Structure formats: structure tokens, C-alpha cells
Amino acid sequence: MARREFTRTIYAQIVHRATNALGQIQCEGCGLVLGKKPYHVDHTIPDALFLDKSRKLTAEDGRLLGKECCHDPKTRKVDIPAIAEAKRREAKHLGIARPAGRLTGPAFARSDKSLRREAAAAQKAALPPKMMFSQQRKEPAT
Ligand SMILES: [Zn+2]
């Protein structure tokens, strides 16, 4: 399902919440006064990790983060790996991803019956090889 975005109203609520008494916008991650520095309203919990997206986002679901000080590092170091891990976990649960193979030890010993069967199969006369390409040329019609 598509990622839920903050509505304009919710976005404004978050920006107001992040504005200090002097009217300056502060990063809600580290408290840096952003001035004219760019910021993002971040999904505190990445939206990709929600299974139920029917609930509407509220101002509590977002944080205003400075792009350079907090948003980009969080996205790169926390959110993307967490989302990737969730996808791997889901794929494994659904049987989509094949688990990495284990190192195998020596095979089980062959049973007597199996050895007898293999010996019998080896004694059977092999079928003549099938000719893949015809060796006879068609005679041109005269
Ligand atoms: Zn910050």
C-alpha cells in the first residue's frame, strides 16, 4: 500500500509544535535552531513498517527534523536497514526467500536394498543410443 503522507493540517501542527517562543523552527531531534536550513517532517516510525495503514496519521506520528543534522542520518542508518530487515523477515515467513543453505556433512550410508537396486540397474542392457541427426540424406526426387 502507498505510504501515508502527513496532511497539510497535520504538517502545520508539527511545524507549530517545533517552533520555539522566539518563532524559530527547531529540530525536534537535537534542538538545533534551523533558521533557513532545510527540514523534513519525518515519520517517527517508518510508514513502511506499519501493516495497518487504515488509521490516519496524526501529529504524534511525525517529528520535524533538520535535514542535515537528524533526518538524513536517521533515514540512512536506522530506517532503511529496519525496512529492509522487515522485508527479509516477511519474505522468509512467507517462504519466498530460500534460507541460506547449511554446510552438509557426509551422506548417510547406502542401504543394502539400494546397493542391490543399483547393481541390477547396471547389469541391464543399455538402450541403443538415439540418433540425434539422421545420417541418411534424402535422395533428391528424380
Ligand atoms: Zn537535528
Side-chain angles (χ1 to χ4, degrees), residues 1-140:
M1 193 182 181
R3 181 177 124 124
R4 292 172 299 172
E5 298 296 343
F6 294 102
T7 63
R8 236 187 287 177
T9 313
I10 301 295
Y11 196 99
Q13 284 173 5
I14 294 170
V15 174
H16 282 301
R17 188 180 68 204
T19 305
N20 66 16
L22 301 171
Q24 299 161 322
I25 294 175
Q26 282 185 302
C27 172
E28 290 185 309
C30 64
L32 179 76
V33 173
L34 292 169
K36 289 189 176 173
K37 289 183 182 153
Y39 61 82
H40 284 296
V41 170
D42 179 62
H43 292 75
T44 307
I45 298 171
D47 203 50
L49 295 181
F50 280 100
L51 294 177
D52 176 23
K53 298 192 181 195
S54 56
R55 186 179 64 86
K56 292 245 185 295
L57 289 174
T58 67
E60 300 309 309
D61 295 314
R63 276 190 309 177
L64 184 148
L65 296 179
K67 183 172 168 9
E68 285 157 29
C69 62
C70 293
H71 181 268
D72 289 357
K74 177 194 178 246
T75 303
R76 218 176 301 122
K77 292 196 176 139
V78 180
D79 294 351
I80 292 174
I83 292 166
E85 192 197 340
K87 284 181 181 170
R88 287 192 301 270
R89 198 185 307 126
E90 183 185 38
K92 188 179 178 189
H93 176 72
L94 297 175
I96 295 168
R98 194 165 40 163
R102 293 187 183 153
L103 292 175
T104 54
F108 286 109
R110 293 232 188 95
S111 69
D112 291 342
K113 186 176 177 183
S114 168
L115 290 172
R116 264 184 278 129
R117 219 185 287 145
E118 284 174 24
Q123 289 193 346
K124 267 189 183 173
L127 292 172
K130 185 176 180 182
M131 300 305 285
M132 296 290 286
F133 303 99
S134 173
Q135 304 222 326
Q136 295 176 337
R137 286 211 180 125
K138 278 186 183 170
E139 295 299 323

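Order of listing sets the numbers, starting from 1, for every ligand and every atom in it. On a predicted model such as this, the values are computed, not experimentally measured, just so you know.
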Inset, instruction - Below 2.8 Å of the Zn ion (ligand 1), tally up the protein N/O/S atoms for me. - result: 4
Inset, instruction - Test Arg4 against Phe50 for side-chain contact (heavy atoms from CB on, under 4.5 Å), laying out the working first. - result: CA-CA 10 Å; Arg4 292 172 299 172; Phe50 280 100; 3.3 Å; yes
Inset, instruction - With sequence neighbours excluded, tell me which residues meet ring-ring contact (aromatic ring centres under 6.0 Å, His included) with His16. - result: none
Legend entry - Residue list, side-chain hydrogen bond (donor to acceptor under 3.5 Å, both in side chains) with Gln26, at least two apart or on another chain: none
Inset, instruction - With the side chain counted from C-beta on, respond yes when Asp61 and Thr44 share a heavy-atom pair under 4.5 Å apart, and no when they do not. - result: no
Inset, instruction - State, yes or no, whether a side-chain contact exists between Thr7 and Leu57 at a heavy-atom distance under 4.5 Å. - result: no
Legend entry - Which residues share a side-chain hydrogen bond (donor to acceptor under 3.5 Å, both in side chains) with Lys67, sequence neighbours left out: Asp72
